[in-house]
Amino acid sequence: MPQEKLTSLKEAIEMVPDGATVAIQNMATQSAPMAAVRELIRQGRTGLEVVALVGGIPIDLMAAAGSMDRFTGAAVSMEQFGLCQAYRNAVESGEIVVQELSETALNARLGAGARNLPFLPTRGLIGTDLIAINPDLVMISDPFGGLDVVACRALIPDIALIHCHRADRFGNLQMEPTAVWPDIGIMPKAANKVIATVEEIVDTEVLRNSPERTFLPGFMVDAVVEVPFGAHPTSFNPRYGYDTAFHHEWIAVARDPEGAKLWMERYVYEPDTQEEYLDRVGGVSRLEELKRWEITE
Amino acid sequence: MPQEKLTSLKEAIEMVPDGATVAIQNMATQSAPMAAVRELIRQGRTGLEVVALVGGIPIDLMAAAGSMDRFTGAAVSMEQFGLCQAYRNAVESGEIVVQELSETALNARLGAGARNLPFLPTRGLIGTDLIAINPDLVMISDPFGGLDVVACRALIPDIALIHCHRADRFGNLQMEPTAVWPDIGIMPKAANKVIATVEEIVDTEVLRNSPERTFLPGFMVDAVVEVPFGAHPTSFNPRYGYDTAFHHEWIAVARDPEGAKLWMERYVYEPDTQEEYLDRVGGVSRLEELKRWEITE
Amino acid sequence: MNDELSIDWTVDELMITSLSATLDNDDQACNGMASFIPVIAFQLARLTHAPDLVWVASAVGVDARPERVPASTLEAPLWRDSVMYLEQYSTFWDIVLKGSWLQKFCVGAAQLDRYGNGNNSVIGDDYHRPKVRLPGTAGLGDMGSIGKRLFFWNPNHNPRSFVEKVDFVSCAGWLGGGDEREQLGLTGGPELVITNLCVMDFHPETKHMRLKSVHPGVTVEEVQEATGFELLIEGSSAPETVVPTVEQVGLIRDVIDPDGMRLREFGR
Amino acid sequence: MNDELSIDWTVDELMITSLSATLDNDDQACNGMASFIPVIAFQLARLTHAPDLVWVASAVGVDARPERVPASTLEAPLWRDSVMYLEQYSTFWDIVLKGSWLQKFCVGAAQLDRYGNGNNSVIGDDYHRPKVRLPGTAGLGDMGSIGKRLFFWNPNHNPRSFVEKVDFVSCAGWLGGGDEREQLGLTGGPELVITNLCVMDFHPETKHMRLKSVHPGVTVEEVQEATGFELLIEGSSAPETVVPTVEQVGLIRDVIDPDGMRLREFGR
């Protein structure tokens with residue numbers, strides 16, 4: 001019987017100190033640990049360096065709330081919903097500093113972090129302006145006489161925040177095979193601590209029926225929290241689609257600090273529980289629509 | 001409708017030239033592409049550099065047949081059945097040259113080959129005698145001022161030989177999730193060509209039912225051949241266990257060139273088809289035993 | 001095969017068929033976010049001249065069969081019925097980097113200069129205090145450097161997108177032109193640019209962007225006016241872009257994209 | 001818990017309980033090929049003092065529950081009922097290298113010298129024309145260098161295994177002793193050696209192999225005679241190795257390894 005990792009969202013997020021480097025699973029409109037991100041904001045965390053492959057609405061909310069002052073990743077976009085306006089404003093005004101990496105360079109930095117190596121190389125980015133401005137990237141020669149490579153310095157996030165389909169109370173994490181893109185391949189392995197929210201907690205025996213779906217063993221996980229619809233308003237394939245109306249609602253207010261503040265009150269600060277949050281986003285009937293992937297507007 | 005990759009074992013193996021670097025999926029007593037290895041021997045291939053993570057009976061047979069003059073990998077052993085005697089004799093007499101790598105160093109060499117990088121680093125092997133004697137390994141410093149690493153030169157096998165559970169005729173390859181250890185994680189991605197034998201050819205629609213089990217897309221595969229029990233006498237989890245008696249039979253003759261030659265005639269050269277080979281190893285009743293994993297002797 | 005030319009084609013369809021024509025039967029193709037034109041072009045190619053083309057939907061789903069083009073080109077409905085799922089870290093990039101596969105990429109850039117260098121990072125002089133923060137380089141910063149053949153598309157050809165010099169190079173094109181790319185050991189590079197006005201390629205020696213064809217109804221002068229640098233124009237005019245066939249238009253409208261998602265690229 | 005000491009223990013059981021005692025409740029442990037002693041020690045620890053220990057069977061199956069110890073410690077029957085499967089390239093080594101997990105490794109070596117350097121490569125002076133070609137370094141060449149704590153076991157303590165100087169270093173131990181390891185930036189290192197005669201550790205300063213305890217019935221002289229280098233012996237004798245309890249012996253014989261696979265390590 002391994003160590004118990006089940007806890008509350010509040011306690012889990014209290015593990016994240018101000019100024020921490022927090023890696024967030026995300027991809028434009030997919031699979032973000034949104035309940036965890038809202039709790040981070042609610043707890044008033046500041047000075048975070050947020051790491052994401054492609055960040056969407058979680059980045060925008062943290063930017064609007066003043067939680068983060070650095071972003072490290074490959075892109076920030078909500079795809080068809082457009083740019084993240086609060087993030088964009090904060091970058092343009094110098095409040096958020098961006099370390100922009102190509103995908104292979106981010107993978108190399110995290111891969112080195114996971115494998116206890118000082119760096120890993122890539123051949124991406126060569127010829128771009130992104131190398132010279134980044135102290136964590138440097139061209140080195142090949143000791144075997146081949147082409148030069150870009151050495152990418154190891155990145156070890158303090159915390160990885162991820163959302164998964166199921167786990168047992170010991171933190172063994174499973175994902176459905178259809179959720180393949182968001183960055184769970186290397187991010188949680190690189191981080192010093194892993195906090196996972198999951199759609200459901202199940203008995204360990206359930207996991208033993210499909211051990212190939214467990215992608216992180218419990219001993220690498222520090223906290224696991226049951227949060228149904230924990231990725232809303234992003235999609236969580238195959239369970240539910242992204243919430244188009246909710247994204248639009250945010251975008252409509254994101255440019256306006258006053259409007260954003262009211263919106264944040266309503267959806268982030270006021271709801272004490274995930275149930276209350278889900279009620280405010282439309283309750284059961286809305287969630288049923290999302291489960292049917294009614295997303296083409 | 002993608003390109004057809006289905007062919008005969010004979011035609012597939014004819015793609016391997018003398019002197020080629022051939023990477024072979026294997027692990028002591030597990031998952032070796034044995035039918036393909038026998039066909040390589042039957043076709044009289046010589047001068048091969050064989051790459052394997054941990055090689056077992058396929059390495060010993062190729063050593064006995066004089067197919068290979070180089071081995072690159074982490075170990076050669078048939079676990080409880082003991083050392084590979086024909087291989088050992090050939091190494092001790094200088095006929096086979098060994099490039100001995102730790103597992104992370106082999107992974108780094110193949111990983112660099114797969115990713116078109118001149119090298120990848122490891123922190124394994126530092127302090128051992130294995131670095132100085134190997135021109136494909138060299139200590140380099142960390143450009144960020146951290147610890148030195150061992151740069152491992154890219155290894156790109158000409159051919160990867162693997163055995164899988166199923167494929168369609170277009171070469172999309174699937175493995176059951178229980179066969180996780182043998183080196184299919186990087187080897188076939190590093191190689192320039194992939195030849196796969198499979199327990200069964202199925203319709204593409206069957207693969208679409210479990211796309212998460214497809215580990216190599218057809219466009220990366222050059223030939224696929226249906227060979228039931230193609231891994232015999234090694235195990236092919238979960239379908240069948242290794243053949244203890246068969247391993248013992250080989251070991252009993254492996255030290256004696258005359259005995260080995262007779263054995264090779266019987267099991268490698270004479271059988272024209274896989275059916276004939278399976279008859280000689282005991283036919284249906286023996287195969288049924290292996291399917292029940294009756295392996296504790 | 002119905003080779004009859006369409007008489008009621010629209011510019012979105014023309015861009016799709018122009019892109020589709022660049023794809024060969026033995027190609028593999030993949031798409032990123034907000035990529036309706038490429039996604040439809042891949043499917044069209046598979047249904048017409050390149051039946052063996054392997055499409056990796058959203059860089060996830062190999063040989064996917066979506067019911068129709070959905071509102072996002074990066075969400076699960078697009079990779080329905082796949083033969084294989086690629087995982088970003090351990091599979092997708094390993095395949096892309098190997099070099100033998102996925103040799104052509106369709107890419108968009110907020111700014112493109114005369115040598116095909118792309119910018120998706122920032123508008124403005126100061127990278128750290130930009131006038132506009134763009135999404136970021138994502139995979140583009142890799143694709144430009146690792147030997148891929150780049151096919152740019154842009155549904156809104158204008159002088160702010162086609163600029164003398166990009167504010168920031170986040171995708172390596174032909175750099176300063178000539179053999180500058182080669183000197184860095186970079187293979188591949190920008191090959192074609194398809195816009196709502198024309199098709200452009202690059203001069204084989206100077207690597208200067210060159211007018212290849214103008215769409216019917218568009219003049220060479222209009223293209224030059226919409227371009228922020230002097231376009232290389234050989235001869236006194238340019239050939240007309242080949243228009244879609246009746247069959248192609250039918251497939252796009254009725255089979256592949258009945259909901260008209262492609263029009264979103266044109267702000268509709 | 002029955003703490004009564006066994007009176008009919010055998011040396012295989014003594015080696016298993018000695019190894020089991022080195023494992024803590026928050027450890028993760030994994031085994032390689034032909035590793036009956038460690039596999040049984042892990043399971044014994046889980047059933048006694050370290051219930052939370054996570055065992056990764058064959059470096060594949062997390063928290064496996066084999067019915068009994070099978071004839072191979074690297075085949076599927078050992079990783080029955082796992083909670084997770086680790087894949088060698090993409091998962092197992094990523095976890096091992098990270099450093100926070102799987103900190104202790106049980107390893108075997110054909111030769112071991114006074115500083116715990118191991119050799120599984122070749123016997124003889126010439127690496128390229130060896131007298132005996134051994135299996136090869138496999139994961140050992142990594143484990144010695146990446147900060148792991150190494151626990152050696154050897155069921156056949158003899159002067160050919162414990163040598164003055166290994167013919168070839170394929171596993172980095174304390175190298176030349178003292179702070180040589182530290183100077184290379186290597187953490188971890190050899191910690192304990194358990195044989196059929198005794199238990200040995202390493203002097204904290206010199207890193208010289210040191211007698212820690214002798215098994216009941218074995219004399220210090222017998223150990224020294226079976227060792228090809230001068231063993232560090234503090235004082236005039238050595239304590240006796242703690243023998244297994246009745247409960248431990250029962251678990252090994254009746255629950256974990258009823259087929260006696262562990263005896264294969266002793267050539268039986």
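Below, read A as the first sequence line, B as the second, and so on, with proteins coming before strands; counting in each chain starts at 1.
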Next on the checklist: Non-hydrogen contacts under 4.5 angstrom with chain B: give the residues of residues 104-119 of chain D involved, or none if there are none.
Outcome noted: none
Item to check | Heavy-atom proximity to chain B below 4.5 Å, by part of D:Leu184 | outcome: both
Checklist entry - Does some side-chain heavy atom of D:Glu75 sit less than 4.5 Å from a side-chain heavy atom of B:Gln30? => result yes
Item to check | Side chain / backbone / both / neither for D:Ser170 at chain B, heavy atoms under 4.5 Å | outcome: both
Item to check | Contact origin within D:Thr91 toward chain B - heavy atom pairs under 4.5 Å | outcome: neither
Item to check | Within 6.0 Å of CG in D:Asp254, more than 12 heavy atoms from elsewhere | outcome: yes
Checklist entry - Is the backbone N or O of D:Val169 less than 3.5 Å from a side-chain atom of B:Asp129, with the two atoms forming a donor-acceptor pair by type? => result yes
Checklist entry - Which answer fits D:Tyr127, side chain, backbone, both or neither, if we ask what part of it has an atom under 4.5 Å from a heavy atom of chain B? => result side chain
Checklist outcome for this item: So, the part of D:Leu97 with a heavy atom under 4.5 Å from chain B: the answer is side chain
Next on the checklist: Walk me through whether B:Leu106 and D:Tyr89 qualify under side chain to side chain contact (heavy atoms under 4.5 Å, CB included).
Outcome noted: CA-CA 10 Å; B:Leu106 178 62; D:Tyr89 178 76; over 6 Å; no
Checklist outcome for this item: So, the part of B:Leu130 with a heavy atom under 4.5 Å from chain D: the answer is both
Next on the checklist: Can you confirm whether more than 12 heavy atoms, excluding those of D:Glu182, are under 6.0 Å from its CD atom?
Outcome noted: no
Checklist entry - So do B:Tyr242 and D:Ser72 actually touch side chain to side chain, heavy atoms under 4.5 Å? => result yes
Item to check | Heavy-atom donor-acceptor pair, B:Glu79 side chain to D:Ala34 backbone, under 3.5 Å | outcome: yes
Checklist entry - Of the backbone (N, CA, C, O) and the side chain (C-beta and beyond), which part of D:Val96 lies under 4.5 Å from a heavy atom of chain B, both, or neither? => result neither
Checklist entry - Side chains of D:Thr73 and B:Gln80: does their closest heavy-atom pair fall under 4.5 Å? => result no
Next on the checklist: Main chain of D:Asp142, side chain of B:Ser102: is a donor-acceptor contact present, judged purely on distance under 3.5 Å?
Outcome noted: no
Checklist entry - Does a salt bridge link B:Glu100 with D:Arg133, judged by any charged N lying under 4.0 Å from a carboxylate O? => result yes
Checklist entry - Relative to chain D, which of B:Leu147, B:Val98, B:Leu125, B:Thr122 shows the most heavy atom pairs under 4.5 Å? => result B:Leu125
Next on the checklist: Which heavy atom of B:Glu92 sits nearest to which heavy atom of D:Val132, and what is that distance?
Outcome noted: OE2-CA, 3.2 Å
Checklist outcome for this item: Scored by heavy-atom pairs under 4.5 Å with chain B, the best of D:Ala138, D:Ala172, D:Gly185 is D:Ala138
Item to check | Validation row: B:Val54, D:Met33 side chains within 4.5 angstrom (heavy atoms) | outcome: yes
Next on the checklist: What I want to check is whether the side chains of D:Thr137 and B:Glu103 have a donor and an acceptor closer together than 3.5 Å.
Outcome noted: no
Item to check | Greatest number of heavy atom pairs closer than 4.5 Å to chain B - which of D:Ser121, D:Cys171, D:Gly124, D:Gly147 | outcome: D:Ser121
Item to check | Considering all heavy atoms, the nearest D:Pro77-B:Trp293 contact | outcome: CD-CZ3, 3.6 Å
Checklist entry - Given side chains that start at C-beta, do those of D:Gln88 and B:Asn107 come closer than 4.5 Å, heavy atoms only? => result yes
Checklist outcome for this item: Counting heavy-atom pairs under 4.5 angstrom with chain B, the leader among D:Gly141, D:Ser90, D:Pro135 is D:Pro135
Next on the checklist: Just so I understand: if I count every heavy-atom pair under 4.5 Å between each of B:Val97, B:Thr29, B:Asn89, B:Leu101 and chain D, which residue has the most?
Outcome noted: B:Thr29
Checklist entry - Can you tell which of D:Gly139, D:Gly32, D:Gly173 has the highest number of heavy-atom pairs within less than 4.5 Å of chain B? => result D:Gly139
